[in-house]
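Worksheet for the structure shown next.
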Amino acid sequence: MRVDDPGPWPRDEAEALALQDRLRPLADHRGPGPAAPRLVAGLDVAYAGDGRGTGDLVAAAVVVIDTASLAVVERATATATTAFPYIPGLFAFRELPVLLDALRALTRVPDLLLCDGHGLSHPRRFGLACHLGVVTGLPTAGVAKTPFTGRHDPSALGVERGSGADLLDDGERVGRALRTQSGVKPVYVSTGHRIDLDTACAHVLALAPHYRLPETTRHADRLSRDTLAAALGASAWDERLR
DNA sequence: GCGACAG
DNA sequence: ATCTTGTCGC
């Protein structure tokens with residue numbers, strides 16, 4: 001699929017913060033978003049090395065699933081070297097470039113993109129899912145394994161699959177702790193762009209019939225790791241030929 | 001000032 | 001994120 005160039009990329013923290021402030025107003029969290037998306041894509045990135053600095057090899061993966069059958073219909077990958085350090089709240093500047101490369105290798109255009117990480121539930125209300133949505137123009141939502149910004153009332157979250165509790169931060173609803181499997185830790189869903197929270201949660205739940213994480217992210221996670229391993233193997237192979 | 005801090 | 005053995009529980 002075609003993906004516009006994200007523009008001048010921040011070189012330091014100050015520039016990154018400024019860009020988030022400039023793009024934040026462009027994210028649409030009202031939706032309603034795709035009611036019945038046919039193609040949903042999961043995105044993830046795997047890291048080599050300690051995973052926090054720059055110059056480390058990374059592999060991104062995008063896996064498109066057909067919601068009717070939950071079957072994988074297309075996969076795409078990309079590898080790169082990290083150009084931005086890991087800084088909580090500035091996650092997108094580390095992962096977005098290689099994720100966009102993977103998306104460019106995609107033939108089809110997904111109806112919804114599900115990211116590994118947060119969207120609105122971010123200290124400045126502009127997590128990776130929001131940034132990815134604004135850049136691609138596609139509906140996006142974030143599915144994180146741990147909370148970031150916002151808290152929920154523990155007693156408000158039922159133990160059964162499907163129950164959820166809104167994440168509140170300074171009185172603002174920024175996302176939802178969603179139980180995708182009974183008796184299992186919840187995932188943290190937040191809107192990224194062109195979708196509302198209820199719709200995002202409904203899709204995440206539908207994509208997670210067996211496990212805690214939606215099939216999209218599970219497939220993307222596995223593919224990104226395999227791609228990284230292959231890249232590392234290839235470089236080791238190159239070394240051997242010298 | 002101190003601790004916490006998505007992947 | 002990644003590094004990693006055994007272990008508790010259904």
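Letters go in sequence order (proteins before strands), and every chain restarts at 1.
- In this structure, Arg176(A) atom CZ and dA6(B) atom C1' are separated by 19 Å, rounded to whole Å.
- Taking every heavy atom of both residues into account, Arg30(A) and Asp196(A) meet most closely at O-CB, 3.5 Å.
- Here the C1' atom of nucleotide dA6(B) and the CZ atom of Phe148(A) are 5 Å apart, to the nearest Å.
- Rounded to whole Å, atom C1' of dC5(B) lies 11 Å from atom NE2 of His122(A).
- Remark: Thr146(A) is in phosphate contact with dG7(B), judged by side-chain N or O atoms under 4.0 Å from OP1 or OP2.
- Nucleic acid contact class of Leu128(A) (heavy atoms, under 4.0 Å, all strands): base.
- Whole-Å rounding puts the Asp169(A) CG to dC5(B) C1' distance at 14 Å.
- Among the heavy atoms of the strands, none lies under 4.0 Å from Gly142(A).
- A side chain to side chain contact (heavy atoms under 4.5 Å, CB included) with Leu207(A) is found for one member of Thr180(A), Thr217(A), Thr216(A), Leu112(A) and no other, namely Thr216(A).
- Here the P atom of nucleotide dA4(B) and the CG atom of Leu90(A) are 20 Å apart, to the nearest Å.
- The aromatic ring centroids of His131(A) and Phe93(A) lie less than 6.0 Å from each other.
- Remark: P of dA6(B) and CZ of Arg124(A) are 13 Å apart, rounded to the nearest angstrom.
- Between Tyr47(A) and dG7(B), a side-chain N or O to OP1/OP2 separation shorter than 4.0 Å is absent.
- The CD1-P distance, from Ile87(A) to dA1(C), rounds to 18 Å in whole Å.
- At the heavy-atom level, Asp116(A) lies under 4.0 Å from the strands shown only through sugar-phosphate atoms.
- A straight line from CG of Leu96(A) to C1' of dG7(B) spans 13 Å, rounded to a whole angstrom.
- Looking at the side chain of Arg225(A), the nearest of the listed nucleotides dG7(B), dC5(B), dA1(C) is dA1(C).
- Between the Arg151(A) side chain and the Leu167(A) main chain, no donor and acceptor come within less than 3.5 Å of each other.
- Within 4.0 Å (heavy atoms only), Ala48(A) reaches no atom of the nucleic acid at all.
- Contact annotation for Leu43(A): no contact, since no heavy-atom pair falls under 4.0 Å across all strands.
- By the stacking rule of 5.5 Å between ring centres and under 30° between planes, Tyr86(A) does not stack on the base of dA1(C).
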Just do the side-chain contact (heavy atoms from CB on, under 4.5 Å) check on Leu168(A) and Val174(A) with the steps written out, would you? CA-CA 6 Å; Leu168(A) 269 43; Val174(A) 296; over 6 Å; no
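- At dA6(B), none of the side-chain N or O atoms of Arg94(A) fall inside 4.0 Å of OP1 or OP2 (strictly under the cut-off).
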